[in-house]
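Keep in mind the model is a prediction, meaning the values are calculated, not measured. Letters A, B, ... mirror the listed sequences (proteins, then strands); counts begin at 1.
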Number of protein chains: 2
Amino acid sequence: MSDVTSVSSEAEQRFQSIYQTLRTRIVLLDYVPGARLAEEQLAEEFKLSRTPIRRVLNRLEVEGLLEIRHGAGSFVTELSMPELLEVFELRMELARLIDVLAPRTPTPVLVERLTTLQHACLDIASHSHPKRRFAELNLEVFNCLMELVGNQALRQILEQLFYRTARMWPYLLAEVHVSKEAALFHSEIGESIRLLTNNNYPSFGHLYRCHLAMACQRLAAMQTIGV
Amino acid sequence: MSDVTSVSSEAEQRFQSIYQTLRTRIVLLDYVPGARLAEEQLAEEFKLSRTPIRRVLNRLEVEGLLEIRHGAGSFVTELSMPELLEVFELRMELARLIDVLAPRTPTPVLVERLTTLQHACLDIASHSHPKRRFAELNLEVFNCLMELVGNQALRQILEQLFYRTARMWPYLLAEVHVSKEAALFHSEIGESIRLLTNNNYPSFGHLYRCHLAMACQRLAAMQTIGV
DNA sequence: ATTAATATATTTGTATACAACTTGGATCTT
DNA sequence: AAGATCCAAGTTGTATACAAATATATTAAT
């Protein structure tokens, strides 16, 4: 994605920056579901007028992370379990396509980044805000792995869907289970690295699918929300 | 999609109307690749200011149909053969998922609409503008078929990808081949109807995939464009 | 005549004032 | 006191003036 959206104009850079910032805040639950984002307030924070802010908010609405109501405000959307499961199902099927559609050779620097992130998983439990830290690492790992997707259209879709479900971790995960989940994540990254360094990268999609499937099961086991 | 985007506010209705209008114009080549869309001009046409028009243009840019350049204008994107093939490949794989993820039972009214559209295919050749007519019917048939997709996330994605490739028909198809292509389309719709009325709808995705695959082959056989 | 530089016109991006709408509270009625 | 009504404050949507950037035409230099 960042390859496609090659930063061009000044305005585009600003947009991307604010867009990614707000998206991250939503996904990390800095803005919890139901929270209101005031345009004026954001405009002040980013030292801009409402106009460019509105463009970002509109985009986030299209992506399903915001709901803008005339005269009322822009509200972070709620998570609904049926929707989460639906999107997860789709992500699982799409994962298989990673192997089929133009898989990319992992670079050494990618493997190195993954290894760094894997080690960081060990420190999640001792972090000041474990759940948030876990969500952060989840985000970073995802961004790494997306480099393996050669089909740009697929990549864009996977990204969109990821950000639609990524909130579930800090939202649903009980504080007591964070360390267990972190350990699982650590081993998952390890498996990915082993596969990638053994030149089996064209079956990475399969592995990723497995990880998603297991995550989906754990998700379904968590407390029911939404409809 | 039209179920999800349940028309709400006045502004949202206006947006949807203009958005779909412009998208259709691009897909039907009323706006050819490379053409410039002036905000001021569109604002005049729709009796609005530039502000809501810009929202529409931004959305079309995200969908890959426009490229907006500061100080220069908003230009309809060019078609590139590699991108078309890439998106087609993805659409083919996604088609299979229609059967897996919440397939919907076809309603009698849907079958009736399809039958009407099928008959309309016979009149394409004698139409005043055959290629455009063909593209129109292609659009309408697609909208019908999307009713069979129960997974909303999948539906949204299929729609997005469709509009990214739908332009190829009026763009690449030679005038002499329109009647041949129309006949093929006629029989494809026929096959779909037969399948749907035989209560075999859970395998509709497979059939759709076959149709896409054949279309993709014909596409590849057409004159090379882009890179 | 050709080319480079400049100026002007055109177009998109931003800021801002105002309109449309929603929400919460105050006031009045019963 | 409960409920309905109305008003006012606050928020998003739209229109518009201006800034920033680009493209085109003009002019000057070689």
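- Both B:L48 and A:E10 sit near DNA chain D, but only B:L48 has its closest nucleotide nearer the 5' end.
- At a cut-off of 3.5 angstrom, counting only N and O atoms as typed in the model, there is a donor on one side and an acceptor on the other between the side-chain of A:R50 and the base of D:dG13.
- Remark: P of D:dG10 and CZ of A:R36 are 11 Å apart, rounded to the nearest angstrom.
- A heavy-atom distance below 4.0 Å to DNA chain D is reached by these residues of residues 66-76 of chain B, ordered by number: B:H70, B:G71, B:A72.
- Put simply, the residue from B:E83, B:E86, B:E63 that forms a side chain to side chain donor-acceptor pair (under 3.5 Å) with B:R164 is B:E83.
- Backbone-only engagement by B:R14 is indicated by non-hydrogen atom pairs under 4.0 Å involving sugar-phosphate atoms exclusively.
- Within the nucleic acid shown, B:R54 comes within 4.0 Å of at least one base atom, counting heavy atoms only.
- Axis angle, first five pairs versus last five pairs of the helix from C:dA1-D:dT30 to C:dT30-D:dA1: 10°, rounded to 10°.
- Note: A:D30 CG to A:T21 OG1 = 11.0 Å, rounded to the nearest 0.5 Å.
- Counting only distance, with no hydrogens or angles, the side chain of B:E61 and the backbone of B:I68 share a donor-acceptor pair below 3.5 Å.
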Ignoring hydrogens and angles, write down the donor-acceptor pairs under 3.5 Å from the side chains of residues 40-50 of chain A, residues two or more places apart or on other chains.
from  : atom 1 : to    : atom 2 : distance (Å)
A:E45 : OE1    : A:R25 : NH1    : 3.3
A:E45 : OE2    : A:R25 : NH1    : 3.2
A:E45 : OE2    : A:R25 : NH2    : 2.6
A:S49 : OG     : A:T51 : N      : 3.3
A:R50 : NE     : A:E39 : OE1    : 2.8
A:R50 : NH2    : A:E39 : OE1    : 2.9

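- Between chain B and DNA chain C, the heavy-atom contact criterion of under 4.0 Å yields a 5' to 3' nucleotide range of C:dT11 to C:dT14.
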Expected list for residues 134-141 of chain B: side-chain donor-acceptor pairs under 3.5 angstrom, two or more places apart:
from   : atom 1 : to     : atom 2 : distance (Å)
B:E136 : OE1    : B:R133 : NH1    : 2.9
B:E136 : OE2    : B:R132 : NE     : 3.4

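- Atom CG of A:L57 and atom P of D:dT11 are 14 Å apart (whole Å).
- When only modelled atom types and interatomic distance are considered, B:R167 and B:Y31 share no side-chain donor-acceptor pair under 3.5 Å.
- Remark: A:R14 engages no residue in a side chain to side chain donor-acceptor pair (under 3.5 Å) (not counting sequence neighbours).
- Here the straight-line distance linking atom CZ of A:F15 with atom CG of B:N58 works out to 7.5 Å at 0.5 Å rounding.
- With rounding to whole Å, A:L42 atom CG is found 18 Å from D:dG10 atom P.
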